[in-house]
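Structure, as structure tokens:
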Amino acid sequence: MKEVRRIAEIITPETTSDGAGVTLKRGLGTAKLNYLDPFLLFDHFGSSNPDEYIAGFPMHPHRGIETVTYMLKGLIKHKDSSGNEGVLGEGDVQWMTAGSGIMHEEMPQMEEGKMEGFQLWVNLPAKNKMMRPRYQEFKSAEVPVVTAKDGAVIKVLAGEVDETKGLVKDIEANPTYIDVTLEGGVDFAKSIPKGHSVFAYVFEGAAEFGGNDTDEATLVEAPRLVVFKDGDLVKIKASERVARFLLVSGQPLGEPIARYGPFVMNTREEIQQALTDLQTGAFVKSYE
Ligand code: FE2
């Protein structure tokens, strides 16, 4: 019999500003929950007011982590100092492994209308922190969708749902990242390996979490981030309205972390090295 994961914590995201002045809701990477191994940060940006997003995220570095960007609305152009560039539009996903270091910008491409999406930071294990940077990027039309006949639509960005596999491959955290829409009253269940960290981020409607044979479920309204306790099954049920949420899981690394803004390494010395590399022009490695 599978053990249903109970709720560990329900987090109301903090409204903050990052980049050159992008208003966003931060669910992970705050004083409330600084690290949910291997996840370092989770941001939900979304606004219809260009003043709250147009300045974007000008050129900045990353080392030792992966950044995962998933767009719901609008367009973001990304460009890095090694010549990689592209535009992420509605429903597109980018899993960027910064590894040894990239310098990039992430800039909204529209001056009006709504921009909305998510960015997740995934830690890399010590052995991969200085790996060659890598992009995995998929257009909305390529993202596999599982449509269950009971009224659940599941976009599989990473991981597997009913034998449908997401296209993101070879990620050390062995992640699940799915976007689930449930019609009112519909049940959803997903097996997640025991020991993996799991959170759900409800961004539309409301859903019931953590119910099992002996415990009442808890109704959670958007926007909230729900962290689960250990177990092997996540169960979620939409309230009478439509509910939409992300479900994200990954294998913890269990390694020491030294964190300084966009650099996440294992030791203070490695952070110092990143800063030195930045000053001396040795930050972005050549792989030619
Ligand atoms: Fe970035």
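Atoms within a ligand are numbered from 1 in the order they appear, just like the ligands themselves. Worth knowing before you read on, the calculation uses all heavy atoms, side chains too, and leaves out hydrogens, waters and symmetry mates.
No option in E66, K129, E255 other than K129 meets the side chain to side chain donor-acceptor pair (under 3.5 Å) test with N123.
The aromatic rings of F118 and F42 lie parallel to each other, their planes meeting at an angle below 30°, with 60° marking the opposite boundary. Taking the six-membered ring where tryptophan is involved, the planes of H104 and H60 are perpendicular, since the angle between them exceeds 60° and thus also 30°.
Looking at E106 and the Fe ion (ligand 1) together, the shortest N, O or S contact belongs to OE1. Note on H60: its N/O/S atom closest to the Fe ion (ligand 1) is NE2.
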Sequence neighbours left out, cut at 3.5 Å: what donor-acceptor pairs do the side chains of residues 154-173 make with other protein atoms?
residue: E172; atom: OE1; partner: K127; partner atom: NZ; Å: 3.4
residue: E172; atom: OE1; partner: N128; partner atom: ND2; Å: 3.2
residue: E172; atom: OE2; partner: K127; partner atom: NZ; Å: 2.9

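Seen from the Fe ion (ligand 1), atom NE2 on H104 and atom NE2 on H62 lie at an angle near 100° (rounded to 10 degrees).
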